[in-house]
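Counting starts at 1 for both ligands and their atoms, following the listed order. Since this is a predicted model, take the numbers as computed values, not measurements.
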Amino acid sequence: MKNISVFCPATIANISCGFDVLGVALESVGDEMIIRKVDQKGIRITKLTGQDLPIETHMNVAGVAGLALLAESDYEGGFEIEIHKKIKAGSGIGSSAASSTGAVWAMNELLGRPFSKLQLVKFAMEGERLASGVAHADNVAPALFGGFTLVRSYHPLDIVAIPSPPQLWATVIHPQIEIRTSDSRKILKTNITLADGIKQWGNLGGLVAGLFTEDYDLIGRSLIDHIVEPIRSILIPGFDKVKSVSLEAGALGCGISGSGPSIFAFSKGEETAKKVAGAMKEVYKKIGIDYDVHVSKVNVDGVRAL
Ligand code: ADP
């Protein structure tokens, strides 16, 4: 096999109580990429459509993640990458993670799978380091494994795949405003109270248990963030209103996707997820901010060949 076309999903990271540790992959939105094996050493981005992003290998997350893989490989040749962005950069639904993950997964396929999924996560995390300054794994892991993932530990890297209940749907609205990931990190407190910690890990445990047991009510009760959302939501106009109308429309829970500005809600069933989308749209229509909306099943397979 000399080339491969891949779909690499968008992802929601953090998921309310799971700041920096939980993520989930989406079915209906993701980047498409074509990766070719070539004799010339190194990595070249030969085409990039859909977004205005750098194509220099060292400036593009797909290039940087690919170089991390090549550095650990005994393969003598190189790769060409075509990226067709369907996910807007800076949206908060794992735009950078999709490109990094798609690149390294495809290269591993073309090389006959010399690397484990955990190794691929580490390579893709180098792309995340370029995008945000931090090599986080909470978008990369679900993009690669599919479904929900928990980053139980970074040192050593330990990723736990969590099953997704079959009727769980996500609604994501992306208001077209810009929040720099670095700004949304800067405003966070570095210390939390023990009381907040107790509430947060109670909910995180509840959410994971709810996902395993397909207990939608428990999932809903647990989708609460006592630590990050109260601070970060200030950067997202209309957040409180979007959340209240989503819950009124029947969503199980609602919160900030990644570092924003996208807002996600989970619902039981497609019909409710669509109703939630309608309610979210009305908020931004009234405020006068353009938006994209995605209604999606959970993607249980992660990155795949097209
Ligand atoms: P998201 O929150 O959607 O993951 P990030 O803010 O993490 O988006 O990443 C976007 C940043 O990564 C931008 O600064 C962008 O210029 C940079 N970047 C470099 N290469 C890519 C790529 N292939 N896809 C997306 N973003 C990229």
Side-chain angles (χ1 to χ4, degrees), residues 6-15 19-20 22-26 29-35 43-69 79-107 121 123-144 149 151 170 172-186 228 232 235-236 255-264 291-292 294 296 303:
V6 301
F7 168 84
C8 195
T11 44
I12 300 169
N14 294 337
I15 315 187
F19 183 64
D20 268 4
L22 272 188
V24 65
L26 300 177
V29 53
D31 285 352
E32 288 170 20
M33 304 171 78
I34 301 169
I35 319 289
I43 289 178
R44 278 155 305 279
I45 318 272
T46 53
K47 200 169 186 182
L48 200 158
T49 67
Q51 289 282 285
D52 186 14
L53 290 166
I55 57 159
E56 295 82 2
T57 305
H58 287 277
M59 302 281 285
N60 193 293
V61 298
V64 168
L67 288 173
L69 177 144
F79 293 100
E80 288 177 356
I81 306 176
E82 264 185 41
I83 308 174
H84 302 286
K85 294 294 298 179
K86 312 281 171 179
I87 313 171
K88 289 186 178 152
S91 54
I93 52 169
S95 174
S96 48
S99 291
S100 313
T101 307
V104 297
W105 183 83
M107 290 172 190
V121 169
F123 301 144
M125 282 166 69
E126 292 306 315
E128 295 294 74
R129 194 193 301 282
L130 174 72
S132 68
V134 184
H136 57 92
D138 49 347
N139 289 106
V140 164
L144 194 75
T149 55
V151 184
V172 179
I173 190 154
H174 173 208
Q176 313 280 294
I177 54 161
E178 197 188 334
I179 301 179
R180 300 230 310 268
T181 308
S182 52
D183 288 344
S184 62
R185 282 239 162 222
K186 241 185 269 163
V228 176
R232 259 194 189 165
L235 298 175
I236 307 173
I256 303 169
S257 178
S259 53
S262 288
I263 303 171
F264 80 94
Y291 54 81
D292 294 323
H294 308 286
S296 178
V303 53

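For the pair Asn14/Val228, no side-chain contact is recorded, criterion being any heavy-atom separation below 4.5 Å from C-beta on. Annotation: side chain of Asn60 is in contact with side chain of Ile83 (closest heavy-atom distance under 4.5 Å). Between Glu128 and Ser96 the shortest side-chain heavy-atom distance falls below 4.5 Å. Side-chain contact between Lys85 and Ser99 is present, with heavy atoms from C-beta onward closer than 4.5 Å.
Across Ala62 and Ile45, no two heavy atoms sit closer than the pair CB-CD1, 4.5 Å. Minimum interatomic distance between Leu144 and Thr101 (heavy atoms only, all atoms of both residues): CD1-CG2, 3.5 Å. When all heavy atoms of Gln51 and Leu48 are compared, the closest pair comes out as O-CD2, 3.3 Å. Closest approach of Asn139 to Ala13, counting heavy atoms only: ND2-CB, 3.5 Å. The nearest pair of heavy atoms linking Thr11 to Pro142 is CG2-CG, 3.8 Å.
Where the criterion is an N or O separation shorter than 3.5 Å, residue side chain and backbone included, Ser99 meets it with respect to ligand 1. Annotation: Asn60 places an N or O atom under 3.5 Å from an N or O atom of ligand 1; distance criterion only.
In this structure, Ser91 has a heavy atom closer than 4.0 Å to ligand 1. Contact annotation: Gly94 has at least one heavy atom less than 4.0 Å from an atom of ligand 1. Using a non-hydrogen distance threshold of 4.0 Å, Gln51 does not register as a contact of ligand 1.
Nearest to atom 11 (C) of ligand 1 among the protein's heavy atoms is Ala131 CB, 3.9 Å. Looking only at protein heavy atoms, the nearest one to atom 9 (O) of ligand 1 is Ser96 OG, 3.4 Å. In terms of protein heavy atoms, atom 6 (O) of ligand 1 is closest to Thr181 OG1, 3.3 Å. Shortest contact from atom 16 (O) of ligand 1 to any protein heavy atom: Leu53 CD2, 3.4 Å. Of the protein's non-hydrogen atoms, Gly90 N, 3.1 Å is the one closest to atom 8 (O) of ligand 1. If you check which protein heavy atom lies closest to atom 2 (O) of ligand 1, you get Gly92 N, 3.2 Å.
Residue Ile93 approaches ligand 1 through these ligand atoms, each under 4.0 Å from one of its heavy atoms: 3 (O).
The proximity of Ser95 to ligand 1, defined as any non-hydrogen pair under 4.0 Å, involves the side chain as well as the backbone. Contact annotation for Lys85 and ligand 1: only side-chain heavy atoms (C-beta onward) come within less than 4.0 Å of the ligand. Looking at Val61 against ligand 1, both its backbone and its side chain come within 4.0 Å, counting heavy atoms.
Side chain to side chain, Ser100 and Glu126 fail the donor-acceptor criterion of an N or O pair below 3.5 Å.
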